[in-house]
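No experiment lies behind these values; they were computed from the predicted model shown. To find a chain, count down the sequence lines: A is the first, B the second, and so on, and within it residues start at 1.
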Amino acid sequence: MKEFKRYMVTSALPYANGPVHIGHLAGVYIPSDIYVRYLRLKGKDVLWVCGSDEHGVPITLKAKKEGKHPQEIVDKYHEIIKKSFKDLGISFDIYHRTSAKIHHETAAGIFKTIHDKNGFIEKTTEQYYDPEARQFLADRYITGTCPHCGYEKAYGDQCEKCGTSLSATELINPKSTISGAKPELKPTKHWFLPLDTYEPFLKKWILEEHKEWKPNVYGQCKSWIDQGLQPRAVSRDLDWGVPVPVENAEGKVLYVWFDAPIGYISATKALTPDWEKYWKDKDTKLVHFIGKDNIVFHCIIFPSMLKAEGSYILPDNVPANEFLNLEGDKISTSRNWAVWLHEYLEEFPGKQDVLRYVLTANAPETKDNDFTWKDFQARNNNELVAILGNFVNRAIVLTGKYFDGLVPERINPDEADTAVLNEISEIRQKVEHSIENFRFREAMKEAMNLARLGNKYLAETEPWKLIKTDEDKVKTILNIALQISASLSIVLEPFLPFTAEKIRKILAIDKIVWDDLGNHDLLKAGHKIGKAELLFAKIEDKEIEYQVNKLLATKEQNKEESHEPVKDEISYDDFMKMDIRSGVILEAEKVPKTKKLLKLKVDTGVDQRTIVSGIAEYFKPEEIIGKQVSLLLNLAPRKIRGIQSQGMILMAEDKNGKLYFVAPQENIKPGALIK
RNA sequence: GGCGAGGUAGCUCAGCUGGUUAGAGCGCAUGAUUCAUAAUCAUGAGGUCGUGAGUUCAAGUCUCACUCUCGCUACCA
């Protein structure tokens with residue numbers, strides 16, 4: 001394996017429209033913190049950067065909804081996120097943000113360089129522009145009269161009445177749905193990164209040269225490359241983001257995925273004037289920690305951008321984790337189904353390492369995993385308290401009791417004693433190997449084995465018995481138990497930094513270096529150690545119940561609060577325009593090559609017609625034949641997957657997206673009017 | 001539907017290029033022990049390795065089909 005002179009580590013930028021939860025931590029931030037802390041202890045030259053991703057449409061929407069400026073939104077979450085990371089001991093060298101000036105300059109600079117090298121494809125199209133709102137309008141934000149059927153409220157992309165696909169420019173009397181103003185046709189230019197031209201490069205670089213990447217990452221990349229890459233737009237008509245730095249680009253910003261990864265570079269710039277050697281020197285090892293949803297951006301798009309720019313190095317590895325679930329359900333910010341970091345820190349003060357431990361032990365390294373509070377409690381009580389905390393406590397208490405807290409000397413250690421000391425080095429090697437291969441779960445387990453080793457050693461030697469007959473032997477035993485404790489304070493530092501620090505405080509030592517791990521004389525005979533202090537406290541059932549109840553309450557609330565806002569008022573006439581009737585499904589078959597579509601033949605009472613409906617995920621064709629349904633008959637026909645769909649089946653949808661038929665409770669002849 | 005990843009003891013996971021009775025931690029049972037936060041230590045019981053075929057002297061490990069979970073993608077008037 002290549003030896004690198006220095007390391008550049010990045011962690012995915014959290015999106016600043018909400019706080020950070022345990023899924024983020026287990027997937028990205030804790031693994032990278034372990035990795036970086038380890039490298040630092042080894043004395044490596046390493047920089048680790050992260051920051052808030054503050055651009056993009058969702059933030060502007062959230063701002064609009066709350067009547068605020070996007071900057072207010074990102075300011076709020078940036079502070080919450082930054083503080084909670086710090087409190088958990090996530091040791092970024094810098095936590096930056098993409099709304100910062102230096103980021104805008106950096107992103108613009110990179111765009112400009114690629115632009116000047118003709119690295120983009122430019123495409124100009126005529127698009128509607130709203131002079132009042134002063135922005136370009138997406139097709140959906142324009143209504144007008146359909147040139148085919150004369151329907152007055154056709155959308156810019158499609159007429160709902162006759163079903164024809166339209167382009168906004170075909171509409172007669174177009175109107176902006178934002179301001180109501182009459183939009184003007186203006187040429188708008190966009191820039192595309194021609195990913196297709198990077199295909200040969202990506203093929204060689206990933207598929208041939210990085211076979212060691214994790215299977216999920218490698219497989220995902222292969223899938224994308226094999227399917228053929230398309231040029232991707234790198235700009236948007238929006239007023240929140242990094243302005244496109246060329247002439248005649250007013251109202252255009254860089255697409256958020258273009259500017260976000262550049263945030264790594266700008267953060268490094270903000271950190272040190274020496275930033276270039278971390279990003280441009282071939283002897284730097286660049287590692288991106290991300291979640292699986294980010295694989296394509298970090299393995300395909302960002303490297304292509306850097307390649308296009310020309311002067312940057314490419315990542316050596318992109319360790320992506322899978323997702324963490326919570327109590328069996330997907331974590332969801334919008335449904336408030338999460339354990340929020342800032343809340344955890346308040347509710348479990350001083351227990352940062354417990355969360356770090358549980359999330360590492362349970363990290364979704366190879367497949368999605370589940371976090372449960374019961375498991376959280378069990379790991380704390382049975383592993384941290386019983387194995388680790390207990391061992392260190394035993395060693396300290398015994399030393400206090402027998403030798404007044406003075407480290408005793410080793411006198412004629414026998415074979416078993418030496419074997420135990422030597423085992424520390426073996427554990428060290430295993431931990432190193434695992435961390436360097438991004439297997440943190442395994443690494444931490446090995447580290448914990450050191451505490452297991454200590455417990456076993458004490459149980460076998462029984463110093464509390466020997467003290468009556470052979471004090472010299474007890475000295476040797478406790479010396480070794482203390483050396484193990486000291487080594488624990490090193491090996492645990494990457495995983496449980498607060499605990500490692502606590503152990504050092506009790507042992508009254510300060511300096512630690514990874515290479516001291518396994519040293520048999522970390523504590524000199526005669527050194528005075530401090531008083532025993534518990535490393536971990538048991539977590540009682542009550543605390544766990546509280547958390548579980550909190551989640552149950554969320555579940556209840558989600559059930560109740562699933563109301564969409566009430567739509568705009570309509571007139572009775574509007575309602576009566578709809579022709580809703582009961583009907584019966586006569587035939588049903590799956591539309592080939594789709595997941596959700598069923599082609600149905602229904603008896604409407606007046607005729608038999610074909611309807612295509614997106615319900616295949618919840619109903620099998622044979623199950624619904626003969627089923628009574630409610631039909632909207634006079635909906636404009638529309639072609640779906642090549643099949644003309646004449647009407648719509650009415651369905652109720654719950655918050656999880658599950659569908660339910662809406663139909664008369666008792667059997668009724670097809671064709672009965674519903675009003 | 002296409003593509004990718006995964007399906008190994010109650011739970012969380014190891015099992016490298018196929019090779020003796022499939023491993024670990026936690027939980028569970030029994031025993032030992034009391035220095036320690038009823039903590040620890042030892043021993044043990046738990047698996048037809050998603051299902052079904054095939055290749056091979058030999059398959060959890062290779063091939064094919066099927067099935068379930070997750071993700072990307074197409075697609076839900």
Sugar-phosphate only, base, or nothing, as touched by A:Asp368 at under 4.0 Å among non-hydrogen atoms: sugar-phosphate

Separation of the P atoms in B:C3 and B:U40, to the nearest angstrom: 50 Å

Given B:U40, B:U37, B:C26, the nucleotide with the shortest approach to the side chain of A:Ala386: B:U40

Of the listed nucleotides B:C72, B:A36, B:A5, the one nearest the side chain of A:Asn216: B:A5

P atoms of B:A24 and B:G15, separation to the nearest Å: 15 Å

Protein-nucleotide distance (A:Glu460, atom CD; B:U34, atom C1'), rounded to Å: 16 Å

SB check A:Glu432 A:Arg428 (cutoff 4.0 Å): yes

Euclidean distance for C1', B:U63 against B:A59 (whole angstrom): 12 Å

First encountered from the 5' end of RNA chain B, between A:Asn381 and A:Asp293: A:Asn381

Rounded interatomic separation in angstrom, taking CG from A:Leu458 and P from B:C41: 10 Å

Sugar-phosphate, base or nothing in reach of A:Lys330, heavy atoms under 4.0 Å: sugar-phosphate

Sugar-phosphate only, base, or nothing, as touched by A:Leu534 at under 4.0 Å among non-hydrogen atoms: base

Closest-nucleotide ordering on RNA chain B, the 5'-leading residue of A:Val296 and A:Glu533: A:Glu533

Under-4.0 Å side-chain N/O to phosphate OP1/OP2 contact, A:Asn393 with B:C35: no

B:U17 to B:C62 separation - C1' atoms, rounded to the nearest Å: 12 Å

Sugar-phosphate, base or nothing in reach of A:Val397, heavy atoms under 4.0 Å: sugar-phosphate

C1' atoms of B:G60 and B:C49, separation to the nearest Å: 5 Å

Touch class at under 4.0 angstrom, heavy-atom based, for A:Glu383 against every strand present: sugar-phosphate

Interatomic distance at C1', B:U61 relative to B:A22, whole Å: 11 Å

A:Lys330 NZ/CZ over A:Phe323 ring centroid, <6.0 Å and within 45° of normal: no

Salt bridge (charged side-chain N to carboxylate O under 4.0 Å, His left out) involving A:Asp574 - partner list, sequence neighbours excluded: A:Lys577

Shortest side-chain distance from A:Gln220, nucleotide among B:C75, B:G25, B:G4: B:G4

OP1 or OP2 of B:U12 under 4.0 Å from side-chain N/O of A:Thr366: no

Polar contact flag, side-chain donor to acceptor under 3.5 angstrom, A:Asn479-A:Gln483: yes

Spacing of the P atoms in B:U12 and B:U20 (rounded, Å): 28 Å

Residue pair A:Asp353 / A:Thr499, side-chain donor-acceptor N/O under 3.5 Å: yes

Interatomic distance where CD1 belongs to A:Ile506 and C1' belongs to B:U37 [whole Å]: 13 Å

Side-chain donor-acceptor contact under 3.5 Å, A:Glu436 with A:Tyr35: no

Proximal nucleotide (of B:A36, B:C41, B:C76) relative to the A:Asn455 side chain: B:C41

Touch class at under 4.0 angstrom, heavy-atom based, for A:Leu535 against every strand present: base

Close side-chain approach of A:Thr399 and A:Val407, heavy atoms under 4.5 Å: no

Distance, P atom - from B:C57 to B:U43, rounded to whole angstrom: 40 Å

Contiguous Watson-Crick or G-U pair runs (3 or more, under 3.5 Å) in RNA chain B: B:1-7 with B:67-73, B:10-13 with B:23-26, B:28-32 with B:40-44, B:50-54 with B:62-66

Check: A:Asn455/A:Arg452 side-chain N/O donor and acceptor closer than 3.5 Å: no

Side chain of A:Arg441 - closest among B:A14, B:C26, B:C76: B:A14

Sugar-phosphate, base or nothing in reach of A:Ile295, heavy atoms under 4.0 Å: nothing

Separation between NZ of A:Lys430 and NZ of A:Lys445, rounded to the nearest 0.5 Å: 11.0 Å

Any residue of residues 398-409 of chain A with a heavy atom less than 4.0 Å from an atom of RNA chain B: A:Leu398, A:Lys401

Sugar-phosphate, base or nothing in reach of A:Phe536, heavy atoms under 4.0 Å: base

Ring geometry between A:Phe289 and A:Phe440 (parallel below 30°, tilted from 30 to 60°, perpendicular above 60°): tilted

Check: A:Glu322/A:Asn216 side-chain N/O donor and acceptor closer than 3.5 Å: yes

A:Asn362 side-chain proximity, nearest of B:U12, B:U40, B:A5: B:U12

Residue A:Lys456, side-chain heavy atoms: nucleotide from B:C41, B:U37, B:C72 that is nearest: B:C41

Side chain to side chain, A:Arg581 and A:Val606, heavy atoms closer than 4.5 Å: yes

N-glycosidic conformation, B:G46 - syn within 90 degrees of 0, else anti: syn

Minimum-distance nucleotide (side-chain atoms of A:Ser223 versus B:A36, B:G71, B:C3): B:C3

Minimum-distance nucleotide to A:Lys367 side chain [options: B:G25, B:C70, B:U8]: B:U8

Side chain A:Lys445 and base B:A24 donor-acceptor under 3.5 Å: yes

Shortest side-chain distance from A:Arg394, nucleotide among B:U37, B:A36, B:G71: B:A36

